[in-house]
Visitor: 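Quick one: this structure, given as structure tokens, is what I'll be asking you about.
Just so it is clear, the values below take in all heavy atoms, side chains as well, and ignore hydrogens, waters and symmetry mates.
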Amino acid sequence: MEKRLLLAAALSLAVLAAWELLMPKPKRPPQPAPPAAASASGPTPAAEASPAPDRNLPAPVSGRAEEKAVIENGLVRATFSSRGGVLAS
């Protein structure tokens, strides 16, 4: 019995080692270049520090009133909130 156990362990390790050697490694995405160091002459202009905000944004969702939907049958009554679709009660 011990011989079979050792043989199974050796074969398992051989399969794992062969898998590592034969299967290609996934390619990593290229690392972004680090930002250039600020010059010693002074601070950077504000236009470079932050991008201009996008003016075509939709209205915020949190401004709406919360609505509740009730689903019930003979056994269960469930109330769902419109904020995230979570089960309220």
Visitor: If the condition is salt bridge (charged side-chain N to carboxylate O under 4.0 Å, His left out), which residues does Glu66 pass it with, not counting sequence neighbours?
Guide: none

Visitor: Just grab all the salt bridge (charged side-chain N to carboxylate O under 4.0 Å, His left out) pairs involving residues 8-21, residues at least two apart or on different chains.
Guide: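 Only Glu20-Lys25 qualify under salt bridge (charged side-chain N to carboxylate O under 4.0 Å, His left out).
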
Visitor: Holding to salt bridge (charged side-chain N to carboxylate O under 4.0 Å, His left out), I want the full list of residues that pass it with Arg77, two or more places apart in sequence or in another chain.
Guide: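 For Arg77, the residues satisfying salt bridge (charged side-chain N to carboxylate O under 4.0 Å, His left out) (neighbours in sequence not counted) are Glu72.
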
Visitor: Transitive ILVMFWY cluster of Phe80 at side-chain heavy atoms under 4.5 Å: who else is in it?
Guide: Ile71, Leu87

Visitor: Go through the structure and list residues passing side-chain hydrogen bond (donor to acceptor under 3.5 Å, both in side chains) with Glu67, not counting sequence neighbours.
Guide: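 By the side-chain hydrogen bond (donor to acceptor under 3.5 Å, both in side chains) rule, Glu67 matches no residue at all.
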
Visitor: With Lys27, which residues qualify under salt bridge (charged side-chain N to carboxylate O under 4.0 Å, His left out), at least two apart?
Guide: none

Visitor: By the rule that ILVMFWY residues connect when side-chain heavy atoms come within less than 4.5 angstrom, directly or transitively, which residues belong alongside Leu75?
Guide: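 Besides Leu75, the cluster holds Val76.
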
Visitor: Tell me the closest heavy-atom pair linking Ala65 and Ser82, and the distance in Å.
Guide: O-OG, 4.2 Å

Visitor: Could you work out, with side-chain hydrogen bond (donor to acceptor under 3.5 Å, both in side chains) as the rule, every residue matching Ser89, not counting sequence neighbours?
Guide: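 Partners of Ser89 under the side-chain hydrogen bond (donor to acceptor under 3.5 Å, both in side chains) test: Thr79.
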
Visitor: Can you list, by chain and residue number, the hydrophobic cluster partners of Leu11 when the side-chain cut-off is 4.5 Å?
Guide: Leu7

Visitor: Restricting to side chain to side chain contact (heavy atoms under 4.5 Å, CB included), what partner residues turn up for Ala69, sequence neighbours left out?
Guide: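 Ala69 satisfies side chain to side chain contact (heavy atoms under 4.5 Å, CB included) with no other residue.
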
Visitor: Hydrophobic side-chain clustering at under 4.5 Å (ILVMFWY, transitive links): who's grouped with Val70? Put none if nobody.
Guide: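 When side chains under 4.5 Å apart are linked, Val70 ends up in no cluster with other residues.
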
